[in-house]
Every structure is written in C-alpha cells, then in structure tokens.
Amino acid sequence: MEIKQLITFKNAAENLNFTQTAKMLNFAQSSVTAQIKALEEEIGKPLFERLGKRLILTEAGQQFKLYAEKMIKLSEEAITAVNGEEEPTGTLIIGAQESQCTYRLPPILKEFKAAFPKVKLVFKPAHSDEMARKHLMEGLLDVAFIMDISKPEGSLRVEQLIKEEFKMVVASNHPKPVLSLNDLKNETLLLTEMGCSYRMIFEDSLKSAGVYPLDKIEFNSIEAIKQCVIAGLGIALLPEMVVKKDIKEGRMKEIPWKDSTSSLFTQIAWHKDKWRTPPLEAFINLTRKIFLSDDYFNQKGFS
C-alpha cells in the first residue's frame, strides 16, 4: 500500500464523501474510488459501506483509520528527519483542554510559530485527562497537556510544569453564605465532564463530607461554566487561571473552602516510543522554558 492511498483513505474517512475527497486532493473521483478499492483488496475487508445515500466506515475501516494516521505521520517524520538541514516541515498534533488552550498556550504558540513557520499545528480537544492519555497511547497525539496528580505513567513520559491552584466561585450577587462543603447540599453544582481530575477530587471531597447535592449540570466547556456562574446558575470549582480576572473585576466571588486539589499539576506528556522530531523536541523545550519562567503568564496577561 502507498502513502498516497493512505492519505486518500484518511480524507475520505473524515468527510465520508468521495466526490469531496477528490476535489480536496485534486483527483478524479474514479481515482479515489480505485485507490480505496485497491486498499480494500489488499486488506481483505471493505472499509466503507453505503446505507442508502450515506457513506459510512465499516468496523474494519474505523480500525484501519487509526493505523493509516500513524503511517502517514511516520512518513512525515521520516521526511523531516532526512531533511534535517532544511527548514522543518510537518505537523504537530497537540491535545489540550480548553483552559490550557485559552490561558496557557498562546505565548508558547507565538514563539513556536516564529521559529517553525512551516510546521502545521493541529489541536485536538481533550475534554478529560483520561481521553488525552488514551489518544497518546493510540498515537493520535504527538504531545498533550494534562492536569492531574503525579503518578506512574507506564508507556508515557510525563513532566510536571506548574502546580495549579483552584477556586470555588459563585455569582457576585449570590444571596446565601457558603462557608463549608455542607452548605453545598442545596446548591446547583456546575461540573466539567467525567474524567476531569479536579472534578473527581472535588466530588470525592463532597462524599467524604457526606454531602450529596441533588442538582448538578455537566458541561464540556469551562468558558460555558464561567458564564453560568456569572449568571447565577450555580457554583463551580475551576482553575485559578480561568477565574482570576473575573474575581478581581467583580463578576464572581470566591467561596472559602479547604483546598483538596493542591497536589494537581499541569503536565506535558508524550509516548515514550515517540520519535521526537526537531519540531516536537523544540515544542517540548519551549514549553518547559515558558512554564518555568518566573511570572511569565502574569507578565504577558494570560492569567
């Protein structure tokens, strides 16, 4: 099988339309069909099937897509490696939660793009730390930012970057005092998705205190949680970097509470068997440098 066929299959698997795939790759539609058919014959199973007018991936197609992406990526890395004297090209696929993308990554990306203008950056949202780890293990990400406690990671290389602080927040005009976890029994909790480390720690602390709030709303967006807090919809536990400015400017207020998330760190992770291309190596080193710079994020206005 050829890289050209894999690229065609990957594009077709993403948009599920052979005509659109042909236009994107500047092929005739018959060429796309022929390449997919050749792959199916070599693999011995159909990769696509039609249900009425809809084109869908078969189970074999879904499995093969993971390997096709890895082989395409490896091909790009090989070209970058043997052309090390030239300006690096290729793609870096980065996994990060919304809060990291919004409040932490902009200064890193600005410096990286200045140094590697021809390297394409692709962000894959990681709505939970579990998802980020899974995607690293499957080779779907080159590197990921996770927020979790320190623990053995097996096949992953994980480095601590910064210790995170958390704030429990409520609307600035919230009418009732909240002085302890017990006062949360009748409050609406605004929570991140399952798999988020600080949500799990927060809920564990509530259970330990015998507090079981009846009303919970789950979001996949931290910014949505922020706006709901400001609107008076409920109470949330969020990273300080997300709410620091809003507390300072009076859009929400902090609720005193005993911090049980003090062992959480933002960490950078990659697979131990991942070949660290020059751009990937540079991205990791730049991330270390910026996170370890004293007051960097405060100075640049990203927290």
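Computation of the quantities below employed the complete heavy-atom set of this structure, encompassing side-chain atoms and omitting hydrogens, waters and symmetry-equivalent molecules.
Proximity of V170 to K253: side-chain heavy atoms (C-beta onward) are separated by under 4.5 Å at one or more points. In this structure, M24 and N15 have side chains that are in contact, with non-hydrogen atoms separated by less than 4.5 Å. For the pair L206/P213, a side-chain contact is recorded, criterion being any heavy-atom separation below 4.5 Å from C-beta on. F145 has its side chain within reach of L161: a pair of non-hydrogen atoms, C-beta onward, lies under 4.5 Å apart. Contact of the I201 side chain with the F166 side chain is not registered, since no non-hydrogen atoms from C-beta on lie closer than 4.5 Å. In this structure, the side chains of T33 and I36 stay at 4.5 Å or more apart for every pair of heavy atoms.
Between E164 and R104 there is a salt bridge, since a side-chain N of the basic residue sits under 4.0 Å from a carboxylate O of the acidic one. Under 4.0 Å is where a charged nitrogen must lie from a carboxylate oxygen, and between E223 and K226 at least one such pair does. The pair K65-E69 meets the salt-bridge criterion, since a charged nitrogen lies less than 4.0 angstrom from a carboxylate oxygen. At a threshold of 4.0 Å, the pair E203-R199 counts as salt-bridged, since one of the basic side-chain nitrogens sits closer than that to a carboxylate oxygen.
Between F48 and F18, the two ring planes are perpendicular [angle over 60°; tilted spans 30° to 60°].
Side-chain contact check for Q29 and T19: at least one donor-acceptor pair (N or O, by modelled atom type) lies under 3.5 Å.
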